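Here's the structure we're looking at; comments come further down.
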There are 2 protein chains.
Amino acid sequence: MTSIPTPGTPVRGSKSGDPIMALFDLLGRRWAMGILWTLCKTGPCTFRELQANCGSISPTVLNTRLKELRLALLIDHKDDGYQATPMGKELYNLLLPIGGWSGQWADVLAESND
Amino acid sequence: MTSIPTPGTPVRGSKSGDPIMALFDLLGRRWAMGILWTLCKTGPCTFRELQANCGSISPTVLNTRLKELRLALLIDHKDDGYQATPMGKELYNLLLPIGGWSGQWADVLAESND
DNA sequence: TTGAACGCTACTGTTTTAGTAGCAAAAATA
DNA sequence: TATTTTTGCTACTAAAACAGTAGCGTTCAA
C-alpha cells in the first residue's frame, strides 16, 4: 500500500515501540503542545478562538494538529467547540510543572545573554 | 536586514513573551525532547552514540538540535562528549512523569484502535 | 434576504527535515 | 611511523511540513 501524502496530512510515524518516543513524536510538532496548553487553560474553544489565542497559527496547521490530537484521544470536538479529553487534561497536569519551571529557565537564559 | 536562512539553521523564534511558549517552541521540534531524554538516560554521549541511541536521526538535524539545546543551556559539550547541564536534568526530571504516563496513554490508544 | 461570521479547504511559496556522501582531524592499529 | 579506522561534522538534493492568503459552503442574526 503506497501512502500518498497530501498537503496538511503529515505522514511521519514513530517506528520505535517506545511510548514516550511516540508521544514525543506527536508533541514534537509545531503548536501541538501550545494548542493543548491553551485549550486546557481557557476551556472549550472554537476554531477561531483557538487560532487567536495561540498566536499566529495558520488554519491549515491548526486543523491538522487538531485532527492529530483528536486521533491521540487528547482533545475532543463537541457542539461547544474543541476541548481537552480527561486524558488530555491528565497530560496538561503533567505539563504544568514545566510551565512553572520555564519561568526560571527564561530568567537564567536572559541573564546569560548579557 | 534580510535574513538568509541556510539549511540546518532554523530561523523561527517565539515572539510571545510567554516563557512556556518559548520552551514549547524549542521542544516542539523534531527530536529535541528525544535527544534530551536519551542523553539524561544514558549519560554523556558522543555524537555517534547519540545518533545511534536516538533511532534514525540524520546528522544534519542532530547537529542543529544540539546547537539549539546548547544555546538554551540545557546541554553541554565537554571532552567526554555531550551531556545534560544541571538545568537540563531539572527539565528531564519534570519530563519523567510524562514518560510514565505515556505507557498508559499508549495502552488506551491501542485499545481504541480495534 | 442580505450579510456577516464561522469552520474549514485549496493553493502557492518558504522553511525544515530526511538521507546520503564525504571531508578533516583525532585515535587506534600495525 | 605509516596506515587504517573512527569520529564529528558539513554539503548537497529531495521530500515533508509549515506559513499565508483566498475563498467555498454553512449557519445564524438583522
Side-chain angles (χ1 to χ4, degrees), chain A residues 2-16 21 24-35 38-39 42 44-72 75-83, chain B residues 1-16 21 24-35 38-39 42-72 75-83:
Chain A
T2 52
S3 74
I4 304 173
T6 44
T9 60
V11 289
R12 78 183 178 202
S14 60
K15 291 160 270 190
S16 158
M21 289 305 170
F24 284 166
D25 187 58
L26 175 73
L27 298 181
R29 302 176 186 201
R30 207 178 257 186
W31 297 111
M33 288 187 285
I35 289 171
T38 306
L39 211 50
T42 65
C45 277
T46 66
F47 190 93
R48 290 285 232 266
E49 285 169 341
L50 258 175
Q51 202 176 358
N53 292 335
C54 280
S56 60
I57 182 170
S58 70
T60 33
V61 176
L62 177 54
N63 189 43
T64 308
R65 284 300 97 81
L66 288 173
K67 281 181 189 169
E68 293 164 0
L69 291 172
R70 206 145 48 114
L71 274 175
I75 68 171
D76 205 359
H77 190 194
K78 295 193 174 179
D79 291 338
D80 57 341
Y82 293 94
Q83 57 185 294
Chain B
M1 165 167 176
T2 51
S3 74
I4 304 173
T6 44
T9 60
V11 288
R12 77 172 122 137
S14 59
K15 291 159 273 188
S16 158
M21 288 305 169
F24 283 166
D25 186 59
L26 175 72
L27 298 181
R29 301 176 185 200
R30 205 167 192 195
W31 297 112
M33 288 186 285
I35 289 171
T38 306
L39 211 50
T42 65
C45 277
T46 66
F47 190 92
R48 290 284 233 266
E49 284 170 342
L50 257 176
Q51 201 176 359
N53 292 336
C54 279
S56 59
I57 184 171
S58 70
T60 35
V61 176
L62 178 54
N63 189 42
T64 308
R65 284 300 97 82
L66 288 172
K67 281 180 189 168
E68 293 164 359
L69 291 172
R70 205 144 49 114
L71 274 175
I75 68 172
D76 204 359
H77 190 193
K78 296 193 173 177
D79 291 338
D80 56 341
Y82 292 95
Q83 58 185 290

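A, B, ... follow the sequence lines: proteins, then strands. Residue 1 opens every chain. In this text, all values refer to a predicted model and were calculated from it rather than measured experimentally.
- Residue-to-nucleotide proximity on DNA chain D shows that, of B:Phe47 and A:Gln51, the 5′-proximal contact is made by B:Phe47.
- Distance NZ (B:Lys67) to P (C:dT17): 13 Å, rounded to an integer number of Å.
- Note on A:Ser58: a base of the nucleic acid sits closer than 4.0 angstrom, heavy atoms only.
- As rounded to whole Å, 18 Å separates atom P of C:dG7 from atom NZ of A:Lys78.
- Residues passing the side-chain contact (heavy atoms from CB on, under 4.5 Å) test with A:Gln51, sequence neighbours excluded: A:Phe47, A:Arg48, A:Ile57, A:Pro59, A:Leu62.
- The separation between B:Asp79 atom CG and C:dA26 atom P is 12 Å, rounded to whole Å.
- In this structure, CZ of B:Arg29 is placed 13 Å from C1' of D:dC18, rounded to the nearest angstrom.
- Under 4.0 angstrom from either OP1 or OP2 of D:dC18 there lies no side-chain N or O belonging to A:Trp31.
- Between B:Arg30 and A:Asp25, at least one side-chain N (NZ, or NE/NH1/NH2) sits under 4.0 Å from a carboxylate O, which counts as a salt bridge.
- Regarding B:Asn63, its CG atom lies at a distance of 15 Å from the P atom of C:dT16, rounded to whole Å.
- Close to D:dA17, at under 4.0 Å from its OP1 or OP2, lies no side-chain N or O of B:Arg30.
- With sequence neighbours excluded, the residues forming a ring-ring contact (aromatic ring centres under 6.0 Å, His included) with B:Tyr82 are B:His77, listed by chain and number.
- Atom-to-atom, CG of A:Leu66 to P of C:dG7 comes out at 11 Å; the value is rounded to the nearest Å.
- In this entry the distance linking CG of B:Leu62 with C1' of D:dT10 reads 13 Å, nearest Å.
- The side-chain hydrogen bond (donor to acceptor under 3.5 Å, both in side chains) check on A:Ser58 picks up A:Thr60, with sequence neighbours excluded.
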Please list each protein N or O that sits under 3.5 Å from an N or O in nucleotides 22-29 of chain D, with the distance.
none

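- Phosphate proximity of C:dT17 to B:Arg65: present, with a side-chain N or O under 4.0 Å from OP1 or OP2.
- In this structure the side chain of B:Arg65 never reaches within 4.5 angstrom of the side chain of B:Ile75, judged on heavy atoms.
- Residues satisfying the side-chain hydrogen bond (donor to acceptor under 3.5 Å, both in side chains) test with B:Gln83, not counting sequence neighbours, are B:Asp80.
- Distances shorter than 4.0 Å separate none of the side-chain N or O atoms of B:Thr60 from OP1 or OP2 on D:dT10.
- If you measure from atom NE2 of B:His77 to atom P of D:dG8, you get 7 Å, rounded to the nearest angstrom.
- The line from CG of B:Leu71 to CG of B:Leu26 is 9.5 Å long, rounded to the nearest 0.5 Å.
- For B:Tyr82 and D:dT7, the shortest distance from a side-chain N or O to OP1 or OP2 is not below 4.0 Å.
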